[in-house]
Amino acid sequence: MDRSAGLTAIGAYAPARVVTNDDLAEILDTNDEWIRTRTGIRRRHLAADDEFASHMAFAAVEDLVRRYGDAAIRDVDLVIVATNTPDALFPATASLVQDRFGLRAGAFDLLAACPGWVYALSVAQAYVESGQATKVLAVGSDALSKVLDWTDRRTAVLFGDGAGAAVVEAVPAPYGLKGTVLGSDGAGGGLLHVGETAPSLPTGEAMSGKLEMNGREVYKFAVRVMNDTTLQALAKAGLEPADVDLFVPHQANQRIIDAGRERLGLPPEKVVSVVDEYGNASTASIPMALVDALDAGRIADGDRLLLVSFGGGLSWATTVLTWGPMRPALAGARGAA
Ligand code: UT7
């Protein structure tokens, strides 16, 4: 493949409404100590009642444009929105984004649970590398708070809402995405799901319409993904764990993040963790973590980032991203690297 595809602009959005563990303890039989020690989560940002995945997607793209200017999204010819909570079954949330920004582009949503945004990057990569598209806007936006069972302390405390957006286009070697590993184990579909009906799930699986999860089993699966697919993706990219400058895992639980870091033998300063602030924001989790790291000056041009995500399906996605070259940040904007 002579062309490489990489990220040249990025933005993110977290809703204004902040809900602390103590706030949750007022409506659920839980407490700050349990949530912090079991998950590392202190707060989460939740969408307003009238705020949906499309609104957060718009806000993430607006943030990207604020950082890098209109030129960053000009001539985008494909919009992908990874979401598990689209405003409607259709139109696709991606079509709403296409219209909002006046893009002459194809548009579709991608549903792959929490790893959806990393899946979207792999699709964008394939389109750009094959020449089928020149500039892809890859968005992850989720309002899982709308599908949580707010009476279930086992799940309600874990998730938050948010969005992230990136432009994927051709970049010169050695920049760009490499070593991508996608996987699925549909036999585990009953362990984490949202829906009213699912004839395909094992009989007896009662569906409430709200998110339901077998936390312990998903935990074990997540640690397996951290252990195996990170090494697979690195090997595919011809790299060793020591070559990783920054590890950016899905932000579900600090204990899962720590397990992945230890397996790779990386020091804590090479890991991005924002789970304390945002909880698990599903498809938005990794782009929000990237923007946080960028704003903190933790990502430099040419850095090798290892992204890994896992979730319902069961599904997972891992990739190695050599950062840059980013479009020049606008004067006064955050995000120059
Ligand atoms: O995007 C992918 C998504 N999901 C994940 O990655 C989640 C993976 N799973 C996990 O992160 C963990 O399994 C949890 C954080 C969900 C749970 O942690 P755990 O250490 O596996 O706890 P547990 O499920 O074994 O529950 C331990 C106890 C139980 O009480 P008993 O049965 O021992 O008396 C629970 O009822 O903690 C209780 N518990 C709570 N207590 C206070 C469960 N949730 C809560 C809560 N507050 N919010």
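Just so we're clear, the structure is a prediction, and the values are computed from it rather than from any experiment. Counting from 1, the numbers follow the sequence of the chain as shown.
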Give a yes or no on whether a salt bridge exists between [X] and [Y], defined as a side-chain N under 4.0 angstrom from a carboxylate O.
X      : Y      : value
Arg327 : Glu169 : yes
Asp70  : Arg74  : no
Asp75  : Lys135 : no
Asp63  : Arg66  : yes

Under 3.5 Å: donor-acceptor pair, side chain of [X], backbone of [Y]:
X      : Y      : answer
Asp161 : Ala47  : yes
Asp303 : Asp245 : no
Asp276 : Ile41  : no
Arg298 : Val271 : yes

Parallel, tilted or perpendicular, as decided by the 30° and 60° cut-offs, for the rings of Phe58 and Phe101:
perpendicular
Counterpart residues, ring pair (Phe, Tyr, Trp, His ring centres under 6.0 Å), relative to His45 (two or more places apart):
Tyr278
Side-chain donor-acceptor pairs under 3.5 Å in residues 231-242, sequence neighbours left out?
unit_1 : atom_1 : unit_2 : atom_2 : d
Lys236 : NZ     : Thr180 : O      : 2.6

If I take atom NE2 from residue His250 and atom CD1 from residue Ile286, how far apart are they, to the nearest 0.5 angstrom?
7.5 Å
